[in-house]
**Student:** 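This is the structure I want to talk about, given as structure tokens.
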Amino acid sequence: MTAQAGTGRTNQKQRTRTAIVAAARELIGTGTEVSMPLIARTALVSEATAYRYFPDLSSLISEALAGAWPPPAEALAPVDDSTDPVERIAFACEFLLRGIIAREGAVRAMISATITRPDAATTRPGIRFGLIDHALLPLEGTLGATDSEAFAQLKRDLAVTVSAEALFTLTDLCGLDPDAAIDSAVRTATTLTAAAVRSLGQR
């Protein structure tokens, strides 16, 4: 094989990979079902070809989502001047859950692909953790300094609430529409945070 032929083949592989990722992003943007057959069809390649470039759906979705979410500081810019952790966590919770609704098909596919494979859970973006950490910055010098374990527990409690899993429990099992589900999750997140803030006055 000549150097020119090798370069052409490499370029073709890159174009194919780029097309597959672009197709995944296109489907993710619709909020509807995301699957490897649908992505392959959209990319105009066979499903076998898609799997040659990505071993599983979760790794493809992870790459397609790279850069789709803004960094926490940018996401929480509207409440950047607030020192109220309750206000900040309410904004963070709603921001995340509305983003999940906009990408619902991909998020459900990612959860489905990793729930029975804990070893693959690291392919999930974990957006909630950065948002929670940034939202709770006003508590770092108070609760974080006086009771690090209580601060860590608050973050764990919020990780359960500020999540796709909580959102889908409220919509799928509790029968709430997305807006009502988001309101419910925000109320729970702010209740947890307010309780932690109140506890500071009792120390």
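Residues: numbered from 1 along the sequence shown.
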**Student:** Looking only at heavy atoms, what is the nearest atom pair of Pro85 and Val197, with distance?
**Tutor:**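 For Pro85 versus Val197, the nearest heavy atoms are CG-CG2, 3.7 Å.
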**Student:** Checking Leu139 against Leu154 for the side chain to side chain contact (heavy atoms under 4.5 Å, CB included) test, could you report, in this order, the C-alpha distance in whole Å, the side-chain angles of both residues, the deciding distance, and whether it holds?
**Tutor:** CA-CA 11 Å; Leu139 288 178; Leu154 173 60; 4.0 Å; yes
**Student:** Nearest 0.5 Å, what's the CD-CG distance between Glu47 and Leu38?
**Tutor:**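 Interatomic distance, Glu47 CD to Leu38 CG, rounded to 0.5 Å: 9.5 Å.
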**Student:** For residues Ala185 and Leu97, report the shortest heavy-atom separation together with the two atoms involved.
**Tutor:**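 Of all heavy-atom pairs spanning Ala185 and Leu97, the closest is CB-CD1, 3.5 Å.
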**Student:** Would you tell me whether Ser59 and Glu63 have side-chain atoms, one donor and one acceptor, within less than 3.5 Å of each other?
**Tutor:**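 No pair is found: no donor N or O on one side chain lies under 3.5 Å from an acceptor on the other.
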**Student:** Keeping Arg128 on the side-chain end and Leu96 on the backbone end, is there a donor-acceptor pair under 3.5 Å?
**Tutor:**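 Flag not set: sc Arg128 to bb Leu96 has no pair under 3.5 Å.
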**Student:** Using side chain to side chain contact (heavy atoms under 4.5 Å, CB included), reason through Leu167 and Ile101 one step at a time and then give a plain yes or no.
**Tutor:** CA-CA 9 Å; Leu167 178 64; Ile101 291 295; 3.7 Å; yes
**Student:** When hydrophobic residues are tied together by side-chain contacts of less than 4.5 Å, even through go-betweens, does Ile111 share a cluster with Leu170?
**Tutor:**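 Different clusters.
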**Student:** Side-chain donor-acceptor pair under 3.5 Å between Thr30 and Glu26, yes or no?
**Tutor:**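 Absent: no donor and acceptor within the cut-off.
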**Student:** Between Ala189 and Val162, what is the shortest heavy-atom contact and its length?
**Tutor:**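 Scanning both residues completely, I find the closest heavy atoms to be CB-CG2, 4.1 Å.
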**Student:** If you take all heavy atoms of Val186 and Ala90, which pair is closest and at what distance?
**Tutor:**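 Looks like CG1-CB, 3.9 Å.
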**Student:** Sorted by first residue and then second, give each salt bridge (Lys or Arg N to Asp or Glu O under 4.0 Å) pair with at least one member in residues 95-110; sequence neighbours left out.
**Tutor:**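 Listed once each, the pairs are Glu94-Arg98, Arg98-Asp179, Glu104-Arg108, Arg108-Asp172.
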**Student:** Test Thr193 against every option in Ile132, Thr188, Ile89, Asp157 by the side chain to side chain contact (heavy atoms under 4.5 Å, CB included) rule and name the one that passes.
**Tutor:**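 For Thr193, the side chain to side chain contact (heavy atoms under 4.5 Å, CB included) test succeeds with only one of Ile132, Thr188, Ile89, Asp157, which is Ile89.
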**Student:** Start with the C-alpha gap between Leu176 and Asp183, add the side-chain angles, then the distance that decides, and say whether side chain to side chain contact (heavy atoms under 4.5 Å, CB included) holds.
**Tutor:** CA-CA 10 Å; Leu176 298 182; Asp183 287 346; over 6 Å; no
**Student:** Please determine whether residues Phe91 and Trp69 belong to a single hydrophobic cluster, defined as Ile, Leu, Val, Met, Phe, Trp and Tyr linked transitively by side-chain heavy-atom distances below 4.5 Å.
**Tutor:**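 Yes, Phe91 connects to Trp69 through the hydrophobic network.
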**Student:** Before giving the answer on side chain to side chain contact (heavy atoms under 4.5 Å, CB included), spell out for Leu136 and Leu158 the whole-Å C-alpha distance, their side-chain angles and the decisive distance to 0.1 Å.
**Tutor:** CA-CA 11 Å; Leu136 296 183; Leu158 289 170; 3.8 Å; yes
**Student:** Is it the case that one hydrophobic cluster holds both Leu76 and Leu137, taking links as side-chain heavy atoms less than 4.5 Å apart, direct or via other members?
**Tutor:**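 Each belongs to a different hydrophobic cluster.
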**Student:** Could you note down all residue pairs passing side-chain hydrogen bond (donor to acceptor under 3.5 Å, both in side chains) where residues 131-142 supplies at least one of them, sequence neighbours left out?
**Tutor:**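 Listed once each, the pairs are Asp133-Lys155.
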**Student:** Kindly work out whether a path of hydrophobic side-chain contacts (I/L/V/M/F/W/Y, heavy atoms less than 4.5 Å apart) joins Ile39 to Val45.
**Tutor:**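 Yes, Ile39 and Val45 fall within the same hydrophobic cluster.
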**Student:** Do we see a donor-acceptor contact under 3.5 Å between the side chains of Arg15 and Thr18?
**Tutor:**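 Per modelled atom types, Arg15 and Thr18 side chains form no pair under 3.5 Å.
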**Student:** Taking all atoms of both residues into account, what is the closest heavy-atom pair of Arg25 and Ala64, and its distance?
**Tutor:**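 Closest approach of Arg25 to Ala64: NE-O, 2.9 Å.
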**Student:** Side chain of Thr169, backbone of Glu165: donor and acceptor closer than 3.5 Å?
**Tutor:**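 Answer holds: yes.
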**Student:** Are Leu65 and Ile127 packed together at the side-chain level, in the sense that at least one heavy-atom pair is separated by less than 4.5 angstrom?
**Tutor:**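 Sidechains of Ile127 and Leu65: no contact.
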**Student:** Can you find a pair of side-chain heavy atoms, one from Gln14 and one from Asn11, that are under 4.5 Å apart?
**Tutor:**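 A side-chain contact is absent here, since even the closest heavy-atom pair is not under 4.5 Å.
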**Student:** For a 4.5 angstrom cut-off between non-hydrogen side-chain atoms, does Val21 reach Tyr53?
**Tutor:**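 A side-chain contact is absent here, since even the closest heavy-atom pair is not under 4.5 Å.
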**Student:** Using modelled atom types and a 3.5 Å cut-off, is there a donor and acceptor pairing between side-chain atoms of Ser62 and backbone atoms of Ser58?
**Tutor:**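 Here the side-chain-to-backbone pair does not exist.
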